[in-house]
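First up is the structure itself, then whatever we jot down about it.
Owing to the predicted nature of the structure, the values given are computational and were not obtained by experimental measurement.
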Amino acid sequence: MQTEPHERRQGGRWIPMATDPLSRVRLRLGRELSVINVSASGVLVHGTTRLLPGTHVDVHVTASRGRVLIRARVVRCEVCDVTADVVQYRGALAFNTPVELQPIDLAAMPVLTDPQAAENLQLLEPV
């Protein structure tokens with residue numbers, strides 16, 4: 001008899017769009033990770049940084065109240081792709097305290113009228 005796996009997620013998750021500021025997070029030491037999906041209680045990430053399960057990391061994320069530094073525990077990390085020169089990892093981070101994260105509505109953001117500000121914004125977007 002086969003039983004269904006136990007659902008451990010504490011909240012709804014969403015997949016950020018590539019243009020969403022939540023599509024990337026940065027570790028306190030500067031390493032950037034791509035976000036696969038995110039919720040108020042954690043994030044599933046992908047990148048070249050190996051994360052050690054059981055350790056704690058500080059993560060910069062864009063939340064509803066702006067950019068915040070969140071303490072998180074590495075729940076798991078596994079190799080997901082290996083090429084001749086790069087090893088890619090997928091890891092799950094559980095936030096120590098729930099964070100109010102929302103997808104950013106880019107259409108509702110103010111329009112930049114300063115050409116220099118618009119140029120700087122384009123430079124900051126992930127490639």
Side-chain angles (χ1 to χ4, degrees):
M1 181 168 129
Q2 195 174 28
T3 62
E4 292 192 27
H6 175 66
E7 179 62 53
R8 296 180 299 178
R9 295 179 183 166
Q10 296 177 3
R13 292 184 175 262
W14 71 89
I15 299 170
M17 294 175 29
T19 57
D20 193 328
L22 281 172
S23 67
R24 303 193 71 73
V25 296
R26 184 177 302 276
L27 297 177
R28 188 175 195 178
L29 298 175
R31 298 286 182 116
E32 196 168 90
L33 302 168
S34 299
V35 173
I36 297 170
N37 63 46
V38 64
S39 75
S41 60
V43 64
L44 184 63
V45 294
H46 177 265
T48 58
T49 303
R50 188 180 120 220
L51 302 167
L52 184 61
T55 61
H56 285 83
V57 294
D58 293 322
V59 183
H60 289 276
V61 298
T62 303
S64 59
R65 60 180 187 260
R67 191 170 190 171
V68 294
L69 183 66
I70 301 171
R71 186 97 168 134
R73 181 176 51 86
V74 178
V75 178
R76 66 180 177 276
C77 184
E78 60 193 16
V79 173
C80 65
D81 189 31
V82 178
T83 61
D85 56 344
V86 178
V87 176
Q88 297 281 328
Y89 298 92
R90 179 171 291 161
L93 307 176
F95 301 142
N96 285 7
T97 57
V99 179
E100 185 180 332
L101 299 172
Q102 298 174 2
I104 308 295
D105 182 6
L106 295 177
M109 292 182 76
V111 176
L112 294 173
T113 55
D114 177 13
Q116 182 66 37
E119 183 178 302
N120 290 341
L121 180 65
Q122 291 173 352
L123 293 174
L124 294 176
E125 290 180 5
V127 288

Ile70 and Asn96: CA distance, side-chain angles, deciding distance, side chain to side chain contact (heavy atoms under 4.5 Å, CB included) verdict: CA-CA 8 Å; Ile70 301 171; Asn96 285 7; over 6 Å; no
Full working for side chain to side chain contact (heavy atoms under 4.5 Å, CB included) between Leu69 and Val59: CA-CA 5 Å; Leu69 183 66; Val59 183; 5.9 Å; no
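Rounding to the nearest 0.5 angstrom, the gap separating the CG atom in Leu51 from the OG1 atom in Thr49 is 6.5 Å. Distance CG/Asp81 to CZ/Arg90: 9.5 Å, rounded to 0.5 Å. The NE2 atom of His60 sits 6.0 Å away from the CZ atom of Arg67 when rounded to the nearest 0.5 Å.
For Thr97, there are no side chain to side chain contact (heavy atoms under 4.5 Å, CB included) partners at least two apart in sequence or on another chain. Leu29 pairs by the side chain to side chain contact (heavy atoms under 4.5 Å, CB included) definition with nothing, not counting sequence neighbours.
Ile36 and Leu93 fall into different hydrophobic clusters, where Ile, Leu, Val, Met, Phe, Trp and Tyr residues are linked whenever their side-chain heavy atoms come under 4.5 Å apart, directly or through other members. Grouping the Ile, Leu, Val, Met, Phe, Trp and Tyr side chains by contacts below 4.5 angstrom, directly or via other members, places Leu33 apart from Ile15. Val38 and Leu44 fall into different hydrophobic clusters, defined by Ile, Leu, Val, Met, Phe, Trp and Tyr side-chain heavy atoms under 4.5 Å apart, directly or through other members.
Val79 belongs to a hydrophobic cluster whose other members, connected by ILVMFWY side-chain contacts under 4.5 Å either directly or through intermediates, are Val82, Val87, Tyr89.
Open room surrounds CZ on Arg50; 12 or fewer heavy atoms of other groups in view lie less than 6.0 Å from it.
The nearest pair of heavy atoms linking Phe95 to Gly42 is CD1-N, 3.4 Å. Scanning all heavy atoms of the two residues, the minimum distance from Pro53 to Val75 falls at CB-O, 4.0 Å.
The residues Arg26 and Glu32 are annotated as salt-bridged, a charged nitrogen and a carboxylate oxygen being separated by less than 4.0 angstrom.
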